[in-house]
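Here the structure is laid out as structure tokens; the discussion comes afterwards.
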Amino acid sequence: MRRILQLSIRHDDLFTGRIAGQIPYHRMYGKQYCLPALTVYGRREMDELIYASEAVDAIYRKVLAFVQEYMPDSYLTDPLGMHPGLLRAARMPVPCGGITRQDWIIGEQGMKCIENNTDTPTGIPEAAYLEGELARLAAVPGLTAPSQEMNIRLQETLSALIGFYRQQGLDGKVFFTCYDWHLEDRMNTHYLMRMCEEAGFAAAYAPLEELEIIPEEGLFHREEPIRILYRLYPLEYLIHDREQESGLEVGYELIRLVEQGKLGLMNPPQHMISQSKGFMATVWSLYERNEQTLQFCGFQLFDDREQEIIRTYLLPTYFDASPFEQTGTAYAAKGMWGREGKGTQLMNASGEAAAEERSPVEKKALTAEEVAEAAATAAYYNEQPKIYQRFWPMQEAAAATEEGLYKGHLLTGIFVAGGRFAGVLPRIGEKVTGDMAYYCAAAVEPDEEEEENT
């Protein structure tokens, strides 16, 4: 059971003033989202997470470059599931890493990275700002906030990406966009815009609703040209976007601007390759066939250390379930573009769907409109091609909420920015972590040996 440190402060007393201004979505879906509590990690445990997240990120980036150079378009469309309209932009190499968030399960048998959110990761203000405030309020000697240098990492990463695009001749302000009506996305976007400004760049916020595309010419906001754009909007959605009145395929035209070198995106389009859950199966397939890459491209992809990293911190993942069904191994089936647990189903050793566990909030009565919306969302994710990943049990955690003691499971998000560890986003939810999960900030306490030495 993961240790949770409850703060002696009520939710409504905590989320006032500046804290509420930074995290106004501290309640979502009619319940608490942010808890006045801390998820406690040991120092050695956090040190291993930092090492492992950076090592795994380096492998992801190596495989990304390999896929860009050596794998055919047919591989990107099937099995990775990418839209054909994104292929050329996704193959454009950007040497500096972006802002990503890995999802880790820490179990009794070790820690495993189960997913990598590389296109539009959120949870940034929670880790970069709120965590430090909660650690300060806890006022426990020796307790530290692991994300305390996240702002520095974000600024370094944004600076590197902007510098790269500047070298490509893209100048002017850096624009930041998302749907303005989406509060959580807007606050994440504004937070990164502030990091950009603190790094010394002129920046502006331009809601998606206000952007204008002139095909072959450029992207504009109120007639001002946009050369570099951070967008908190998934490219797998964007490529399908069409202007209702004119019928203009705005998503396709925006990607065309990228291909023509007229627009630089953050995160870069190449992150779509690693956003696909098929990328996890690609990494494992290359690991199992490491000796064959010598014949295929003239070099062995992974050295001994990298093979050990993959073996230790990643899970067997395939494009079909037969390796697990043949051995009677429990696994998770995941939609290729699943988000917030949508499109994920746990399968037991007999190959049957495990019984779903739902929180009391998820069991509440829904309106007919909510039922229809939920059904449409489920269909979108469930009908996607899937990957199959060995099941790794999650650690249990119990936290006090306004609705009573919640007994759930811990998923540890690790931000990696520009190849370096940046911050931690712990969430406590069901066995498949969904958008109803609670955020319970991270804190690190000294191990017993450290306390004895001090």
Side-chain angles (χ1 to χ4, degrees), residues 1-4 39-60 62-63 100-117 146-147 277 279-288 290 302-318 323-324 327-334 341 344 346-349 354 387-398 408-416 420-433 437 440 442-450:
M1 178 75 74
R2 174 62 53 170
R3 181 185 169 211
I4 304 298
T39 305
V40 182
Y41 298 82
R43 180 70 265 170
R44 282 196 302 271
E45 183 179 47
M46 185 56 62
D47 286 344
E48 184 177 1
L49 274 170
I50 292 170
Y51 164 78
S53 62
E54 292 183 349
V56 165
D57 179 80
I59 287 169
Y60 288 154
K62 187 172 193 176
V63 173
T100 67
R101 193 193 72 232
Q102 304 167 0
D103 286 338
W104 288 76
I105 290 177
I106 304 173
E108 293 181 0
Q109 300 175 359
M111 53 182 66
K112 299 287 186 179
C113 179
I114 62 167
E115 291 184 11
N116 195 21
N117 307 281
S147 311
K277 289 185 174 57
F279 186 77
M280 302 292 289
T282 300
V283 174
W284 194 260
S285 177
L286 289 169
Y287 161 72
E288 289 190 326
N290 193 44
F302 303 123
D303 60 27
D304 290 344
R305 175 183 174 273
E306 290 167 331
Q307 288 179 282
E308 180 63 23
I309 293 295
I310 295 170
R311 188 162 47 247
T312 303
Y313 295 118
L314 300 184
L315 287 167
T317 307
Y318 302 98
F324 303 117
T327 58
T329 303
Y331 63 92
K334 300 181 176 184
T344 295
L346 302 182
M347 312 296 288
N348 60 29
I387 56 96
Y388 304 87
Q389 185 178 72
R390 179 186 169 188
F391 173 74
W392 197 255
M394 302 175 76
Q395 188 177 43
E396 294 183 348
H409 301 80
L410 175 67
L411 183 71
T412 300
I414 299 292
F415 287 100
V416 178
R420 298 185 63 185
F421 167 83
V424 188
L425 187 85
R427 288 177 292 163
I428 302 174
E430 302 305 303
K431 288 184 177 179
V432 175
T433 308
C440 188
V444 178
E445 64 180 358
D447 294 315
E448 291 182 6
E449 293 87 344
E450 294 180 68

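Side chains are part of it too, since the values below use all heavy atoms of this structure and drop only hydrogens, waters and symmetry mates.
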Compare all side-chain heavy atoms of I114 with those of K334 and state whether any distance is below 4.5 angstrom. yes
Between E54 (side chain) and F421 (backbone), is there a donor-acceptor pair under 3.5 Å? yes
Residue set satisfying ring-ring contact (aromatic ring centres under 6.0 Å, His included) with F324, at least two apart, ordered chain then number -> Y318, Y331
Ignoring hydrogens and angles, tell me if any N or O in the side chain of K112 forms a donor-acceptor pair with the backbone of T312 under 3.5 Å. yes
Minimum heavy-atom distance L346-A332, with the two atoms named: CD2-CB, 3.8 Å
In chain order, what residues pass the side-chain contact (heavy atoms from CB on, under 4.5 Å) check against A442, with sequence neighbours excluded? Y41, E131, P146, V424, P426
Enter the distance from L49:CG to I414:CD1 here, rounded to the nearest 0.5 Å. 4.5 Å
Separation of I310 CD1 from W284 CH2 (nearest 0.5 Å): 7.5 Å
Verdict with supporting geometry, I309 and F302, side-chain contact (heavy atoms from CB on, under 4.5 Å): CA-CA 10 Å; I309 293 295; F302 303 123; over 6 Å; no
Donor-acceptor contact below 3.5 Å, side chain D103 vs main chain E115: no
Identify the two heavy atoms, one from V56 and one from Q102, that lie closest to each other, and give their separation to 0.1 Å. CG1-NE2, 4.2 Å
Straight-line distance of T412 OG1 to I428 CD1, nearest 0.5 Å: 9.5 Å
For the CG atom on D303, are there more than 12 heavy atoms of other groups (residues, nucleotides or ligands in this structure) within a distance under 6.0 Å? yes
Under 3.5 Å: donor-acceptor pair, side chain of T433, backbone of G429: no
For the student: nearest non-hydrogen atoms of C113 and M280, plus distance: O-CE, 3.8 Å
Below 4.0 angstrom, N of the basic side chain to O of the carboxylate: do E45 and R3 qualify? no
Between L315 and T317, which heavy-atom pair has the shortest distance, and what is it? O-OG1, 2.9 Å
Is there a side-chain contact between I106 and R2 in this structure, where contact means two heavy atoms from C-beta onward sitting under 4.5 Å apart? yes
Closest heavy-atom contact between D447 and G42? OD1-CA, 3.7 Å
Please report the interatomic distance OG(S53) to CZ(F415), rounded to the nearest 0.5 Å. 12.0 Å
Interatomic spacing from CH2 in W104 to CG in L411 - rounded to 0.5 Å: 11.5 Å
Sequence neighbours left out, what passes side-chain hydrogen bond (donor to acceptor under 3.5 Å, both in side chains) with W392? Give chain and number order. none
If you look at every heavy atom in I105 and P393, which pair is closest and at what distance? CG2-O, 3.2 Å
Residue pair I4 / T39, side-chain heavy-atom distance below 4.5 Å: yes
Once rounded to the nearest 0.5 Å, what's the spacing between atom CG of N116 and atom NZ of K277? 10.0 Å
Given the rule in the side-chain contact (heavy atoms from CB on, under 4.5 Å) test, do Y60 and L314 qualify, once you have shown the distances and angles that lead to the verdict? CA-CA 11 Å; Y60 288 154; L314 300 184; 3.5 Å; yes
Could you tell me whether E308 and R311 make a salt bridge, using a distance below 4.0 angstrom between a side-chain N and a carboxylate O? yes
